[in-house]
Amino acid sequence: MENMVEVLKEKVEKVVKKLYDLKLPEKAKFEIPKNKSYGDASTNISFLLAKTLRKNPKDIAQEIAGKLQEDEIFEKVEVINNFINVKYSPKYYSYLLSEINKPYFFLEGVKEISLKGKIQYEYVSANPTGPLHLGHARGAIIGDVLTTILKRAKEHLSLDYQLDREFYINDAGRQVKLLTASVLLRIFTLDKNDLSWEELITSLKDNEEFLNYLKEIGITLEELKEEGYRGDYIKEIAQEYLKNYKKINISDLEKFSLNWALNNIKKDLKDLGVEFDIFFSEKSLYEGKDFKEALDLLKPYIYEKEGALWLKTSLFGDDKDRVLRKSNGDWTYFAGDIAYHYSKLKRGYTKIINIWGHDHHGYVKRLKIATFLLDCLLNNKNPEEEFKNIKNIDNYQKLNVILVQLVKLFRNGQEVKMSKRKGTFVTLRELLNEVGKDAIRFIFLTKSHETPLDFDIELAKKEANENPVYYVKYAHARIASILRKAKNEFDLDWNLDRFNPEILNEEEKNLLKNLFFAKEIIKRTIQKQAPHLIPYYLLDLASAFHKYYSSCKILGNEKELTINRLILISAIKKVLKELLDILKVNAPEKM
RNA sequence: GGGCCCGUAGCUCAGCUGGAUAGAGCAGGGGACUUCUAAUCCCCAGGUCGGGGGUUCGAAUCCCUCCGGGCCCGCCA
């Protein structure tokens with residue numbers, strides 16, 4: 001009785017063999033029908049056999065159904081629209097209930113995918129130059145939910161893959177210099193609160209001490225004016241720096257600023273419920289051997305032209321070759337990323353998943369090619385030969401990039417253009433304070449990552465109480481309330497061995513099946529990397545419960561019936577709570 | 001010009017490994033609280049699934065093409 005769909009498949013397989021001496025066609029589908037009135041499991045087998053047998057699908061369906069009917073395991077077998085539909089026997093409901101009552105039973109959905117090896121998810125990876133904003137939050141939440149499922153599944157079921165969650169800190173390069181320069185500017189102008197950005201810059205254009213420091217950082221006044229970070233947090237860093245250090249030292253200032261920004265990010269992530277195992281520093285790539293080793297390895301595919309170093313990505317389907325080192329001697333971001341992915345391979349990851357904003361999609365191909373090259377070369381394989389096998393770099397599956405569509409921000413219906421440099425962006429922190437973690441996580445998850453997310457701040461604040469998350473929470477709180485009453489006022493207890501599926505009505509049986517479906521939802525969530533399936537399922541389940549609640553009085557006069565209903569709703573409560581827990585959304589006992 | 005994603009109800013979106021009558025929330029109209037929490041439920045209205053072609057017993061789903069929208073296309077990060 002593992003799974004009713006599987007059972008049906010086995011039985012049909014035998015019948016087809018017996019009746020027609022045929023194997024099951026590959027395309028034969030055994031599934032849970034979307035429309036519940038069609039039964040508990042169904043198959044389209046008659047359509048697929050029609051051609052080979054040169055028979056009417058209807059007759060085939062009837063013949064098979066007739067045979068299936070002889071089997072006691074099915075309570076009912078019918079043919080509707082030439083689909084064969086079967087209904088579970090009561091015994092199966094006992095099985096469902098006992099399964100559902102295992103802790104986090106739905107995590108078994110992960111087991112069915114049979115993951116193995118060493119898996120890494122990398123997400124968020126924001127520049128440590130300022131607070132996180134809403135765009136970061138989306139990737140963060142998606143990464144967090146996917147990895148939470150995998151982590152928990154591994155723990156609960158002792159599955160034999162490994163999983164690491166990584167944050168890549170871009171703590172090298174120009175944006176760090178800009179951050180340092182921006183803080184420096186504020187240190188020199190802490191008393192000038194009423195001046196605009198341009199005025200601040202102008203006020204220092206003849207300040208020799210300032211200009212010398214700026215030179216040491218390696219940023220010009222013009223660059224600072226155009227590209228400097230303007231947010232208020234820069235002032236905060238400046239003030240904090242002065243509290244900790246007596247005088248200005250550029251190296252200290254840089255470290256302090258980076259640290260401040262990174263700690264700020266970590267705090268935001270923590271409050272959003274997003275966790276990591278590893279914070280990986282870009283700088284460490286240059287300080288260690290990885291950078292050099294990666295480029296040495298790629299040497300056969302690197303050449304010099306017009307004073308720059310190029311990687312021959314065009315050999316593997318890229319539009320053109322890509323620059324690794326600019327003619328001015330600076331390494332490109334691409335070169336750093338190559339070293340970073342070299343490090344991932346060297347650390348033994350067999351499945352690497354990066355979650356990026358969709359605006360980086362043009363970058364996916366070159367990085368996949370570079371990683372593919374490193375992977376081949378590390379394993380002494382000829383990349384060109386290997387490439388013939390996979391034909392297209394898209395088929396290189398060790399590295400996958402999940403592209404998350406951007407978050408568009410609205411305020412009262414007006415789009416707010418976000419710019420981190422100019423400081424005109426709404427921070428995650430602001431939203432956490434005003435809307436709260438639960439609502440942010442839930443709203444962000446109710447859309448597929450392939451769809452842009454329009455987020456209206458005012459609407460989110462104003463309608464906080466009408467948010468879908470409350471609908472689900474309310475279902476949980478309502479059940480909790482009934483259970484309290486059953487215990488305190490009626491002195492009932494609803495032990496599982498008192499479960500009697502015979503007395504359940506159709507609606508109640510459907511609820512039970514619906515609960516069991518959580519396992520399938522988790523399986524699909526991981527398979528399709530689509531965490532939005534969970535909130536949709538939760539809304540559906542909550543709706544089914546609310547409907548049931550309003551049509552059926554749980555605490556009735558008949559004790560056995562009442563107890564069975566209590567068993568059912570406490571199972572609903574359990575699934576709601578455990579799935580909300582995966583989303584890291586609180587499930588309240590009272591509202 | 002090339003690439004990725006999207007186009008489903010007035011709005012925001014699910015459904016897309018092909019299946020049975022295309023779903024939900026919000027907005028609109030109408031009902032249900034002396035009864036376990038009305039943050040709820042029920043009913044009504046609203047659709048040529050962007051257009052056209054193809055594959056198939058069967059297409060919102062797969063393929064082609066056109067139209068419309070977003071994002072990207074640097075020796076930026």
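Numbered from 1 within each chain, the chains take letters A, B, ... in sequence-line order.
Of all nucleotides listed (B:A60, B:A77, B:A14), B:A77 comes nearest to the side chain of A:Gln175. Comparing B:U37, B:C57, B:A77 against the side chain of A:Arg484 picks out B:U37 as the nearest. Taking every side-chain heavy atom of A:Tyr474 into account, B:A38 is the closest of B:C72, B:A38, B:C36.
Annotation: A:Phe291 is not in aromatic contact with A:Tyr342 [ring centroid separation under 6.0 Å not met]. Between A:Trp331 and A:Tyr286, the distance separating the two ring centers is not shorter than 6.0 angstrom.
Atoms CG and OG, on A:Leu453 and A:Ser448 in that order, are 11.0 Å from each other to the nearest 0.5 Å.
Under 4.0 Å is where a charged nitrogen must lie from a carboxylate oxygen, and between A:Lys519 and A:Glu112 at least one such pair does.
Taking side-chain N and O atoms only, A:Ser550 has no distance below 4.0 Å to OP1 or OP2 of B:C41. Residue A:Lys320 has a polar side-chain atom (N or O) positioned under 4.0 Å from OP1 or OP2 of B:C75. Contact annotation: A:Tyr470 side-chain N/O to B:A39 OP1/OP2 distance is not under 4.0 Å. Checking the phosphate oxygens (OP1, OP2) of B:G19, a side-chain nitrogen or oxygen of A:Lys29 falls inside 4.0 Å. Using a 4.0 Å cut-off, no side-chain N or O of A:Tyr548 falls inside it from OP1 or OP2 of B:C36. Look at A:Arg565 and you won't find any side-chain N or O under 4.0 angstrom from OP1 or OP2 of B:C36. Not one side-chain nitrogen or oxygen of A:Lys473 sits closer than 4.0 Å to the OP1 or OP2 atom of B:U37. The shortest distance between the side-chain N/O atoms of A:Lys27 and the OP1/OP2 oxygens of B:U56 is not below 4.0 Å.
Base engagement by A:Ala477 is indicated by at least one non-hydrogen atom pair under 4.0 Å involving a base atom. Nucleic acid contact for A:His532: sugar-phosphate only, since backbone atoms but no base atoms lie under 4.0 Å from a heavy atom of the residue. Residue contacts shown for A:Pro33 include a base, since a base heavy atom lies under 4.0 Å away. Among the atoms of the strands shown, none is found under 4.0 Å from any heavy atom of A:Leu539. Residue A:Asn81 is classed as a base contact, given a heavy-atom separation below 4.0 Å to a base. Across all strands shown, A:Lys528 has heavy atoms under 4.0 Å from sugar-phosphate atoms exclusively, and none from any base. Among the protein residues, A:Lys447 comes within range of the sugar-phosphate backbone only, with heavy atoms under 4.0 Å from sugar or phosphate atoms but none that close to a base. At a threshold of 4.0 angstrom between heavy atoms, the contacts of A:Gln527 with the nucleic acid are absent. A:Tyr471 comes within 4.0 angstrom of the backbone, heavy atoms only, and of no base. Among the atoms of the strands shown, base atoms are found under 4.0 Å from some heavy atom of A:Ala308. Across all strands shown, A:Asp318 has no heavy atoms under 4.0 Å from either base or sugar-phosphate atoms. If you check every strand for non-hydrogen atoms under 4.0 Å, A:His546 touches sugar and phosphate atoms only.
Minimum heavy-atom separation, A:Val183 to A:Ser257: CG2-OG, 3.6 Å. The minimum heavy-atom distance between A:Phe47 and A:Phe83, with the atom names listed, is CE1-CE1, 3.7 Å. Nearest heavy atom pair, residue A:Asn85 against residue A:Ser42, reads OD1-CB, 3.0 Å. Closest approach of A:Ile479 and A:Lys573 over heavy atoms only: CG2-CB, 3.6 Å. Between A:Lys368 and A:Ile393 the shortest heavy-atom distance is CE-O, 3.6 Å.
Remark: C1' of B:C5 and NZ of A:Lys408 are 13 Å apart, rounded to the nearest angstrom. Rounded to an integer number of Å, the gap from A:Phe334 CZ to B:A77 P is 13 Å.
Taking the C1' atoms as reference points, B:U61 lies 16 Å from B:G50, given to the whole Å. Using atom P as the reference point in both B:U48 and B:U8, the two lie 11 Å apart (nearest Å). To the nearest whole angstrom, the two C1' atoms, one in B:A32 and one in B:A38, are 9 Å apart. Between the C1' atoms of B:A60 and B:U56, the separation comes to 16 Å (whole Å). For B:C64 and B:C4, the P atoms lie 11 Å apart once the distance is rounded to whole Å. Comparing the same atom, P, in B:G54 and in B:A20 gives a spacing of 22 Å after rounding to whole Å. For B:G30 and B:G46, the C1' atoms lie 15 Å apart once the distance is rounded to whole Å. Using atom C1' as the reference point in both B:C62 and B:U17, the two lie 11 Å apart (nearest Å).
Mapped onto RNA chain B by nearest heavy atom, A:Gly307 and A:His449 fall at different nucleotides, with A:His449 at the one closer to the 5' end. Mapping A:Asn170 and A:Lys547 onto RNA chain B via the closest heavy atom, the residue that lands nearer the 5' end is A:Lys547.
Between the side chain of A:Asp337 and the base of B:A77, no donor-acceptor pair under 3.5 Å is found. Contact of A:Asn44 with B:G19 (side chain to base): a donor-acceptor pair of N or O atoms is detected under 3.5 Å. Checked by distance alone, A:Ser42 brings a side-chain donor or acceptor within 3.5 Å of a matching partner on the base of B:A20. The base of B:C6 does not come close enough to the side chain of A:Thr451 for any donor and acceptor atom to sit less than 3.5 Å apart. Below the 3.5 angstrom threshold, one finds no donor paired with an acceptor across the side chain of A:Gln405 and the base of B:C6.
Remark: RNA chain B forms stems of 3 or more consecutive Watson-Crick or G-U wobble pairs, all pair distances under 3.5 Å, at B:1-7 with B:67-73, B:10-13 with B:23-26, B:28-32 with B:40-44, B:50-54 with B:62-66.
Atom NZ of A:Lys547 is surrounded by 12 or fewer heavy atoms from other residues, nucleotides or ligands within 6.0 Å. Around the CD atom of A:Gln397, the shell of radius 6.0 Å holds more than 12 heavy atoms that belong to other residues, nucleotides or ligands.
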Q: Encode nucleotides 29-34 of chain B as B, S and - characters from 5' to 3', where the letter depends on protein heavy atoms closer than 4.0 Å: B to the base, S only to sugar-phosphate, - to neither.
A: ------
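Of the candidates A:Glu489, A:Lys485, A:Arg565, A:Lys485 is the only one forming a side-chain contact (heavy atoms from CB on, under 4.5 Å) with A:Leu555.
The closest donor-acceptor contact from the side chain of A:Asp171 to the backbone of A:Ser281 lies at 3.5 Å or more, if one exists at all.
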